[in-house]
Amino acid sequence: MKNMGDFPTFLLVGLLIFSCLSYVRSDASDHRYKDGDAVPLYANKVGPFHNPSETYRYFDLPFCSPGSFFGFYFCVKFYILTNCASISIKWYIIFPWNLDHVTEKREALGEVLNGDRLVSAPYKLNFKEEKDSSVVCKKKLSKDEVAFFRKAVDKDYYFQMYYDDLPIWGFIGKVDKEGKTDPSEYKYFLFKHIQFDVLYNKDRVIEVNARMDPHSLVDLTEDKEVDAEFMYSVKWKETDTPFEKRMDKYSMSSSLPHHLEIHWFSIINSCVTVLLLTGFLATILLRVLKNDFIKYGQDEEAADDQEETGWKYIHGDVFRFPKYKSLFAAALGSGTQLFTLTVFIFMLALVGVFYPYNRGALFTALVVIYALTSGIAGYTATSFYCQLEGNNWVRNLLLTGCLFCGPLFLTFCFLNTVAIVYSATAALPFGTIVVIVLIWTLVTSPLLVLGGIAGKNSKAEFQAPCRTTKYPREIPPLPWYRSAIPQMAMAGFLPFSAIYIELYYIFASVWGHRIYTIYSILFIVFIILLIVTAFITVALTYFQLAAEDHEWWWRSFLCGGSTGIFIYAYCLYYYYARSDMSGFMQTSFFFGYMACICYGFFLMLGTVGFRASLLFVRHIYRSIKCE
C-alpha cells in the first residue's frame, strides 16, 4: 500500500472538525452566574425506564408548560398484521397561547441522533435563589389525561432534564403494590412536588439533584377528573468541589472498587484463557511447521524421491485468486475503514472526549470520522482489486460504498418509520436526514472516489512467493468438521470467550442507564480480541492448507469475522435473560441496530483474520523451495 500516506491528512481534518463539534453546552454561557441570574434548565425527554430507545418529548405528557396552553387528547388505535399486534397512539392537540414561552434549544447533529429534544422547562432555578413550595401551575386533569399518566406510571416512566449542562432524572410517579396481589388493586400516584438541591462553588453550579416528595401525590387510580397543583422547591448549598471536577460524580459509578474488581477479573480471566489456549495451539503449530520446514528443506535430490504432500503440495494453487474478487476486495475495504474508525474512537475516548453526558459526542464522532475515512475504504478495496487483476474498478468502488452503508440505510429507514409511528424522539427530523445525506454526498462519496482513484493508480502488484498453475488442483474429500460452518464456529468461540464478560457492561451502558467510562480496560479487551482473532484464524488456515484445501481466502475472512455472529447470539441472551426491555419499538431497535453493529464487527474482524492469514501464508511459502 504505497499511497496510504495521502490519507492521514483527511483523518487529521476530521479530528479538527470533530473537536469543534463535540463540545456541546446548554447555551452560550461560560457557566458563571451572579446572584439572581437565570440558569438554563431544559426538559429533555420522558420514557419507560427499561426501554432506553423508546423516549418521547417531555411535553408529550400533559405536564405544566412554560406558557398557558389549552389542549385535549384524542386516541387512534390501528391494527397491524390482521390484529396480531396493535398500537395505540395519542396526540395532544395544543392551542398555542403564549407559545413564545416555550424555547427549543438548537441541538448539534450528535444530540439529535442521540434522541435529545431539549425545550425550556417550566421551573425557574435562578442562581442562589431558594424557593419553598412554589406553584408551577394548577390544572384539572381530564379522564384521558389521568389514563395517560396512569399508563406512564405503570411503565415506570422517568424524566430527564439538564440544568447548566448537568443531568437530572426522576420518576414521574409510583405504583403502590404493598399488600396487594391482584394488579387490579394497585394504586397509581403522580408526583406533583419536586425538590431541587443545588450545590454551588462561588459563581458556578457544581451539582444538582431532584427528589420527588413522596407525600405530595395525585391519585390516578380511577378514571375521573382530578385537580392537580404542581409545585417545586429549590435549596442551595455551598461546596468546595471545583468546577473542573463536577462531572466526576457521574463517572465514579463505573470506577467503584467492586466494579473495578469485576472488570479486572474479566481481563485476567480473558488473558489466562487466551494464553493457555493460544499457547497450546502455538506450540503445536510451531512444532509442526518446524518439522515441515525440515522435511521440505531437504536438497532437491532427496525431494525428488518423495511425493509432495500437505501444504507444499498445493503451492501452485494457494495464491490462486478467490471467487467473487470484487466482493472480497470491497469487504476488505469496508473492514479496513471500520477498523480505522474504531481505533480513532478509542483514541478520542482515552484522551477524555467522551466524558459522561457530553451529549451526542460519540454520535458526532462516528458520523464525522466515518465520512472522512471513506477514502481508506476506497483505496484499500480498489488497490487490492487491481492486484487481483480485476477490470471493473468502478463497480468495485460502488460495491465498497454500499457494502456497509446499504444495510445500515435500510435498517435505519425501517426503524425510523417505527419511531415516527410511535412519535418517539428517536425519529430523526427531516432536516437532520438532509444533513446526513449531504455529508454522504459531499464528503463520503468524493473521498471514496478519490481513494479509489489513488488505489487504481498505485500500480501495486500482488506479492506471491510461488507461481500459480494454469489449472486448479482438485480438493480431496474432507470430513464434515473441516467445512466452513464448523470452522467458523471454532474460530468465533475463542475470541468471544475473551470478551463476553465485558460485553455485559457495554450492553448495560448502550441499552441501559449504566455509565461506562473505563475505556482503558475496554481498549485492552479490544487488543486481546484482535490478537486472538488473528491467531485462531492463522491456525485454522494452516490446518486447512495441510489438508490440501487451497481455497483459504474466503474461509479466513469468514472465520475471522465469525465472532460478530457470536456477539449477535449474545444479544438474544441479553435481551431475554439480562434485560427488561419490551415492546415492538424497543425490540426492533435493539435487534435492528445490533445487527448492523455485529455486521460491522464481522467485516472488521474478517479483515484482521484475512490479513493475518495472508502474512502467514506468504511467510511459510517463502521459507521453502518451490517452483
Side-chain angles (χ1 to χ4, degrees), residues 1 7 322-346 366-367 369-385 388 395-412 440 444 447-448 451-452 455 484-485 487-489 491-492 495-496 499 503 506 526-527 529-534 536-537 540-541 552-571 591-614:
M1 309 292 178
F7 294 99
K323 299 176 182 178
Y324 315 110
K325 52 190 175 184
S326 181
L327 177 61
F328 189 79
L332 285 181
S334 297
T336 305
Q337 180 186 9
L338 293 172
F339 177 76
T340 307
L341 170 67
T342 305
V343 170
F344 272 89
I345 291 296
F346 270 115
L366 288 171
V367 171
I369 297 178
Y370 182 84
L372 291 164
T373 55
S374 59
I376 292 177
Y379 178 87
T380 304
T382 306
S383 62
F384 196 79
Y385 179 69
L388 299 182
R395 184 180 65 180
N396 172 253
L397 201 60
L398 292 174
L399 183 60
T400 304
C402 298
L403 192 62
F404 180 74
C405 286
L408 180 63
F409 174 74
L410 294 177
T411 303
F412 163 76
W440 189 84
T444 306
L447 289 179
L448 181 71
I485 294 179
Q487 295 282 297
M488 289 173 63
F496 176 77
I499 65 171
L503 275 180
I506 298 171
F526 178 68
I527 296 298
L529 174 64
L530 296 181
I531 293 173
V532 178
T533 299
I536 194 67
T537 308
L540 290 175
T541 299
W552 63 275
W553 298 67
W554 274 109
R555 180 75 63 83
S556 64
F557 188 92
L558 295 174
C559 287
S562 59
T563 305
I565 301 174
F566 275 81
I567 296 175
Y568 198 69
Y570 179 82
C571 293
F591 287 106
Y593 281 127
M594 282 308 303
C596 293
I597 293 172
C598 292
Y599 175 54
F601 265 93
F602 177 82
L603 293 175
M604 180 181 70
L605 296 178
T607 300
V608 171
F610 169 74
R611 291 293 185 185
S613 296
L614 180 61

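As the structure is a prediction and not an experimental result, all values here were calculated from the model.
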Flag the pair T607 / F339 as yes when at least one side-chain heavy-atom distance between them is below 4.5 Å, and no otherwise. no
Between the side chain of Y568 and the main-chain N/O of F591, is any donor-acceptor distance below 3.5 Å? yes
Euclidean distance, L558 CG relative to I485 CD1, rounded to 0.5 Å: 10.0 Å
Taking all heavy atoms of L603 and all of A331, pick out the closest pair and write down the distance. CD2-CB, 4.3 Å
Between OG of S334 and CG of L399, what distance do you get to the nearest 0.5 Å? 7.5 Å
Looking at every non-hydrogen atom in both residues, tell me the closest pair between I536 and A491 and how far apart they are. CG2-O, 3.7 Å
Under a 3.5 Å distance rule, please check whether T380 uses its side chain to pair with a backbone N or O of A377 as donor and acceptor. no
Determine the minimum heavy-atom distance between F602 and G561, stating which atoms define it. CD1-O, 2.9 Å
If you measure from CZ on F526 to CD1 on I499, what distance do you get to the nearest 0.5 Å? 10.5 Å
Among residues at least two apart in sequence or on other chains, which ones pass side-chain contact (heavy atoms from CB on, under 4.5 Å) with L614? F462, W552, F610, R611, R618
Begin with the C-alpha distance, continue with both residues' side-chain angles, and end with the deciding distance and a verdict on side chain to side chain contact (heavy atoms under 4.5 Å, CB included) for F557 and L332. CA-CA 9 Å; F557 188 92; L332 285 181; 4.1 Å; yes
Quick one: does L503's side chain get under 4.5 Å of F496's, heavy atoms only? yes
Going by the rule ring pair (Phe, Tyr, Trp, His ring centres under 6.0 Å), which residues pair with Y324 if we only count those two or more places apart in sequence or in a different chain? none
So W554 and F328, would you call those rings parallel, tilted or perpendicular, with 30° and 60° as cut-offs? perpendicular
To the closest 0.5 Å, what do you measure between OH (Y599) and CG (L408)? 10.5 Å
If you look at every heavy atom in G564 and F601, which pair is closest and at what distance? CA-CB, 4.3 Å
Non-neighbouring partners of Y593 that pass ring pair (Phe, Tyr, Trp, His ring centres under 6.0 Å), sequence neighbours left out: F589
Test item: L530 and L605 side chains (from C-beta on) under 4.5 Å apart, heavy atoms: yes
Could you state the interatomic distance from OG (S613) to CZ (R555), rounded to the nearest 0.5 Å? 11.5 Å
Can you give me the closest heavy-atom contact between Y370 and C405, atom names plus distance? OH-SG, 3.1 Å
Answer whether the closest heavy-atom distance between the side chains of L327 and L403 falls below 4.5 Å. yes
Atom OG1 in T563, atom CZ in F566: separation rounded to 0.5 Å? 7.5 Å
Of the non-hydrogen atoms in I567 and C598, which two are nearest, and what is the gap between them? CG2-SG, 3.7 Å
